[in-house]
Amino acid sequence: MHRRHRRTLQLTALAAGTVLLATACNAAAKKDATTTSAGGSGKSFTLVTPDSVGENEFLKLAVTGIKDAAKQHDGTSKVYESTDTASQQQNVQAAVDAKPDVIVLVGFEFADIVAQQAEKNPKQQFLMVDACTTKTYKNVSCAVFREHEGVYLAGAEAGLLSKSGKVGAVDVLDTPQFRRYSDPFAAGAKKVAAKTETSTRFVGGQSPFDDSARAKEQANTLLSKGYDQVMAAAAAGNYGVFEAAKAKGAFAYGVDVNQCPSAPGTVVDNVIKRTDVAVEKGVESVLGGTTGTTVSYGLKEGGISLTGLEAGVDSSKCVIAQHKDVLTKVKALRDQIVSGELTVDDPADK
């Protein structure tokens, strides 16, 4: 699993009060920076990532977003790739020193750093994606996601595909914030198959975000009871869920990025976070003068989707590509949510 998935789920812990502090170090941040130009002398944008981009699809989308923003404004974009907490702070400082029109940062890791920099540099505009500072600043805008809408659609797929009528989820912790990845899954399944039996197991323990063995154990508990469709919201433990499902001939669902290639024939679909959309639209909003606000991106805004609803599903290695009839029904549900006809309850709001 991509490390970004573990970090994304930990973001919810931040909202619940768990703050991870970054340490400062004079790392050679600039050697990890790449710059692209649209050929003009327009606006300048800098993206700072919490990890190396590499093959991390979540971060690659953010890079696409910053480059598209530069093209739209005939400007330039720069990307600083961090490798640890030390380089994260150094990269943010390097970005601030360059004074671009907007500095974009992905992940909760930057919450404390941005808060400090926002106070010191009130004229610098910051855009945080998939996170936000605890305190509101006029020069800090935030883009977050309504993951529960996508999870609901994945649940509908599970309900339509289940042979046993039992649909479950393996979640990291039993809190309202983390239940955004499991409760809507059950609700979506029951929407399309009212008699569906649902259950959620939680990883817990000392390392809930990184315990593949415990995640696999919880998945096996569900599978042993006949559950044949399992939502994997176990962070780095998703691999354990996929292994358990594959061994029993059952099916699983991933999150954040396309995880189907990690278990072809087992992973049905994925709840995708379109960080490129959040970056591009967030930058546009900041340049338009709307700053210091938090904007939520869901199905309507194109910030949340399913691999099955995106172009290229046929080559995604996702099981859902073989079920066009199911996708047709799921698209209808998506349209109802987008139009406001159908509202998905957010467990974090309770």
Side-chain angles (χ1 to χ4, degrees), residues 4-5 8-9 11-12 15 57-58 61 65 129-132 142-161 167-169 171-172 175-193 196 198 200 229-233 235 238 252-259 267-282 294-311 313 316 318 320 326-350:
R4 184 68 239 162
H5 173 56
T8 300
L9 284 179
L11 164 62
T12 312
E57 295 298 329
F58 188 84
L61 283 175
V129 177
D130 207 23
C132 198
C142 302
V144 296
F145 298 94
R146 299 195 299 277
E147 298 95 343
H148 56 287
E149 294 180 349
V151 173
Y152 183 90
L153 293 183
E157 290 179 336
L160 291 167
L161 293 172
V167 170
D171 212 336
V172 284
T175 69
Q177 289 80 13
F178 290 113
R179 278 186 172 274
R180 300 177 94 219
Y181 292 89
S182 50
D183 287 5
F185 190 71
K190 291 182 178 180
K191 173 68 175 179
V192 298
T196 300
T198 64
T200 299
Q229 307 282 326
V230 181
M231 179 71 198
N238 268 20
Y253 298 74
V255 296
D256 288 356
V257 298
N258 179 15
Q259 295 189 299
V267 181
V268 177
D269 209 339
N270 311 272
V271 179
I272 301 295
K273 285 187 181 181
R274 292 293 304 275
T275 44
D276 56 334
V277 172
V279 170
E280 190 174 343
K281 290 188 176 183
T294 297
V295 178
S296 174
Y297 293 87
L299 295 172
K300 183 176 182 179
E301 298 79 12
I304 290 292
S305 185
L306 298 180
T307 301
L309 299 178
E310 296 283 285
V313 60
S316 66
C318 292
I320 195 62
V326 171
L327 282 176
T328 297
K329 296 177 181 178
V330 170
K331 287 177 181 177
L333 286 176
R334 176 199 59 190
D335 293 344
Q336 290 179 35
I337 295 173
V338 169
S339 69
E341 180 183 348
L342 174 61
T343 299
V344 181
D345 290 335
D346 183 356
D349 287 340
K350 297 179 180 179

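Pairing each heavy atom of Thr307 with each of Val313, the nearest pair is O-CB, 3.7 Å. Shown here for Ile304 and Val271, the closest heavy-atom pair between the two residues is CG2-CG1, 4.3 Å. In this structure, Val344 and Pro184 approach most closely via the heavy-atom pair CG1-CB, 4.3 Å. Residue Phe145 comes nearest to Arg274 through the heavy atom pair CE2-O, 3.9 Å, listed as atom of the first residue, atom of the second, then distance. The shortest non-hydrogen separation linking Val172 to Phe178 is CG2-CD2, 3.3 Å. Nearest heavy atom pair, residue Thr294 against residue Cys132, reads OG1-SG, 3.7 Å.
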Subject >> Steps toward side chain to side chain contact (heavy atoms under 4.5 Å, CB included) verdict (Cys318, Asn270) >> reply: CA-CA 8 Å; Cys318 292; Asn270 311 272; 3.5 Å; yes

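A salt bridge between Glu301 and Lys281 is absent, with no side-chain N of the basic residue lying under 4.0 Å from a carboxylate O of the acidic one.
In this structure Glu280 satisfies the salt bridge (charged side-chain N to carboxylate O under 4.0 Å, His left out) test with no other residue, sequence neighbours excluded.
Side-chain contact check for Leu161 versus Val268: some heavy-atom pair is nearer than 4.5 Å. In this structure, Val277 and Leu61 have side chains that are not in contact, with every pair of non-hydrogen atoms separated by 4.5 Å or more. Leu306 is listed as a side-chain neighbour of Val330, based on a closest heavy-atom distance under 4.5 Å. With a 4.5 Å cut-off on side-chain heavy atoms, Leu327 and Glu157 count as touching. Ile320 places a side-chain heavy atom less than 4.5 Å from the side chain of Val326. Counting heavy atoms from C-beta on, the side chains of Met231 and Thr200 never come closer than 4.5 Å. Looking only at side-chain heavy atoms (C-beta outward), Leu333 and Leu153 come within less than 4.5 Å of each other.
The structure places OG1 of Thr343 at 10.0 Å from OH of Tyr152, a figure rounded to the nearest 0.5 Å. With rounding to the nearest 0.5 angstrom, the OG atom of Ser339 is 11.0 Å from the CG atom of Leu299. Rounded to the nearest 0.5 angstrom, Glu149 CD and Lys300 NZ are separated by 10.5 Å. To the nearest 0.5 Å, the span separating NZ on Lys191 from NZ on Lys329 amounts to 13.5 Å. To the nearest 0.5 angstrom, Lys331 atom NZ is 6.5 Å from Leu309 atom CG. Taking CD1 of Ile337 as the start and NE2 of His148 as the end, the distance is 8.5 Å to the nearest 0.5 Å.
A distance-only check finds a donor-acceptor pair linking the side chain of Arg146 to the backbone of Ser296 [under 3.5 Å].
None of Asp346, Asp171, Asp349 except one satisfies the side-chain hydrogen bond (donor to acceptor under 3.5 Å, both in side chains) rule with Arg180; the exception is Asp346.
Gln229 and Tyr253 share a donor-acceptor pair across their side chains, judged by distance under 3.5 Å alone. There is no side-chain donor-acceptor pair under 3.5 Å between Asn258 and Ser316.
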